[in-house]
Amino acid sequence: MFKSIITRALTILFLCAVVIACQEEKKKRINFPPTDLAKENLIPKPLKIIPTNMAFGLDRYTAIYTTQDAKGFSEVGQFLADKIKAKLDLDVPVNSEGEEPIERIIYINQSDSLELNSTEAYQLYITQDSVILNSNTAEGAFRGIQTLRQIIPEESIDTLAEQRIWPIPSGMITDNPNFGFRGSMLDVARHFFSVEDVKKYIDLLSYYKINVLHLHLSDDQGWRIEIKSWPKLTEIGGSTEVGGEAGGFFNQEDYKEIVAYATKHYMTIIPEIDMPGHTNAASVSYPFLNGNGKTPKLYEGTRVGFSTFDTRKDTVYSFIDDVVREISAITPGPYFHIGGDESHVTKKNDYIYFVEKVEKIVQKYGKRMIGWDEIASAEVDSTSISQYWSSGKNAQKAIKRGMKVILSPAKKTYLDMQYDTLSKHGLHWAAYIPVDSAYVWTPEEYEGIPMENILGVEAPLWSETISNIDELEYLAFPRVIGYSELSWSIKENRDWENFKIRLANQAPYLDRMDVKFYASPKIDWKKSKYTYEEIKKD
């Protein structure tokens with residue numbers, strides 16, 4: 001370890017020497033107007049910011065270097081270069097000599113610091129000549145890159161220099177997430193969303209340091225993941241959706257593509273197969289699964305609670321074993337979600353029997369079971385996770401069993417709830433959730449759930465009322481941005497009056513990404529100079 005520390009220290013000294021040498025040869029250092037790093041519109045808000053009121057000049061004489069003998073660091077550097085190119089049309093070389101002389105560097109360094117005590121912790125040091133990002137892991141470096149992306153200005157400033165220059169405020173940022181689990185759920189079962197739609201959602205979520213995407217892959221209205229041993233699930237069960245539209249599904253190569261894209265963004269995919277209720281699409285495909293002995297019909301409505309598997313039939317568990325096995329084999333993350341909610345026609349004892357049997361199947365394939373809060377009524381293992389959406393009593397049962405709890409209270413975090421009575425999309429059975437109500441609550445103290453039992457926060461987006469990416473974005477944004485801060489930033493750093501200013505200044509990024517967000521009148525939105533279409537033409 002000592003040798004690696006010396007090697008990295010020498011690397012940094014060498015790079016700094018290169019910069020100093022170049023500084024001696026070039027023109028006089030540019031005097032940027034004073035900056036204040038603490039007033040940048042960062043979301044989620046970092047743990048600690050110390051401004052030094054100068055600026056780093058990002059231009060064509062800037063290069064990115066990374067620790068090259070550490071897994072993932074070079075890729076993180078290239079990710080940053082690609083995003084700079086997309087935003088500014090500026091080519092920044094990575095770990096190589098560019099066509100232009102190097103005057104300033106961005107160095108992404110694998111650190112051995114004991115202060116960086118989590119995999120996502122990072123430190124960012126910005127001076128006039130260098131930006132140094134320290135993290136013990138590439139994952140932490142990736143989170144730090146998102147912070148750096150947010151403080152790179154949209155526009156260059158006028159200087160005496162011949163080239164365009166973008167001033168990055170100087171100072172130090174030390175950061176570490178409050179919760180290691182920060183997620184959103186996307187329901188592709190009620191309405192199907194394409195691979196490209198999911199990828200775009202991953203792009204947007206990762207920019208705000210969200211690190212989990214939970215995919216709701218089956219429900220009464222549709223089965224959305226290919227199971228090779230049971231092909232009728234997608235042939236029949238994937239053929240429709242709410243309202244009778246065409247439906248669709250991910251074949252396993254599609255799913256692998258989503259997983260690979262998420263992995264590149266240091267995001268965990270959680271697959272959910274909802275059972276024993278919400279299972280009409282599966283039972284239409286294979287009627288022996290049905291708990292009432294009848295052959296069901298394809299379902300295109302939104303009513304819930306009417307379907308169930310036959311929980312006492314061995315062949316049902318053989319089916320579930322195949323489903324869990326095939327999905328687990330192409331899911332590198334540690335979790336498998338079994339649903340378990342709203343199984344109203346399943347007898348209580350049958351429900352408990354089912355959950356306990358399925359938990360063993362999930363564990364058999366090396367995954368940790370997650371279920372909606374109803375699963376805590378069964379004798380489940382303390383390693384399983386309860387996702388609190390409705391019942392505080394179920395949350396307390398989970399706590400007594402020593403389980404971790406994911407906070408997804410419907411009246412606070414459901415992205416499918418309407419903003420108000422004028423909302424174009426969404427429902428309001430749980431609550432109306434305007435942008436301020438979505439942000440102004442305290443997960444750390446929610447309904448008496450001890451902090452040590454909270455795994456994190458997840459904002460689910462059910463798709464009964466939306467059928468395309470524009471409608472998805474309308475419900476998710478800007479609220480999901482607030483949930484990113486609620487799950488990353490400590491409560492002492494969260495303040496609505498400050499947050500709404502920072503949120504207002506996300507408009508240029510959202511415009512550039514062509515996000516059809518809901519422009520809440522509670523926010524004084526900043527207008528961007530360019531539309532997304534104009535940037536693409538450039």
Residue list, ring-ring contact (aromatic ring centres under 6.0 Å, His included) with H425, at least two apart or on another chain: Y474
Geometric class of the F181/Y335 ring pair [parallel <30°, tilted 30-60°, perpendicular >60°]: perpendicular
Heavy-atom pair of closest approach, residues L213 and I202: CD2-CG1, 3.8 Å
Contact check, side chains of R368 and K404, non-hydrogen atoms, under 4.5 Å: yes
Parallel, tilted or perpendicular: ring planes of F309 versus F319, cut at 30 and 60 degrees: perpendicular
Donor-acceptor contact present, side-chain R149 to main-chain Y207, <3.5 Å: no
Whether F288 and W230 hold their rings parallel, tilted or perpendicular, with breakpoints at 30° and 60°: tilted
Cation-aromatic face contact R479/Y419, 6.0 Å, 45 degrees: yes
Y353 and Y317 aromatic ring geometry - parallel, tilted or perpendicular at 30°/60° bounds: perpendicular
Salt-bridge present (D514, K516; N to O < 4.0 Å): yes
For E196, all residues meeting salt bridge (Lys or Arg N to Asp or Glu O under 4.0 Å), sequence neighbours excluded: K199
Pair E120 + R143, salt bridge at N-O below 4.0 Å: yes
Distance-only side-chain donor-acceptor flag, W389 / D341, under 3.5 Å: no
Plane angle bin for F142 and H265 - parallel if under 30°, tilted between 30 and 60°, otherwise perpendicular: perpendicular
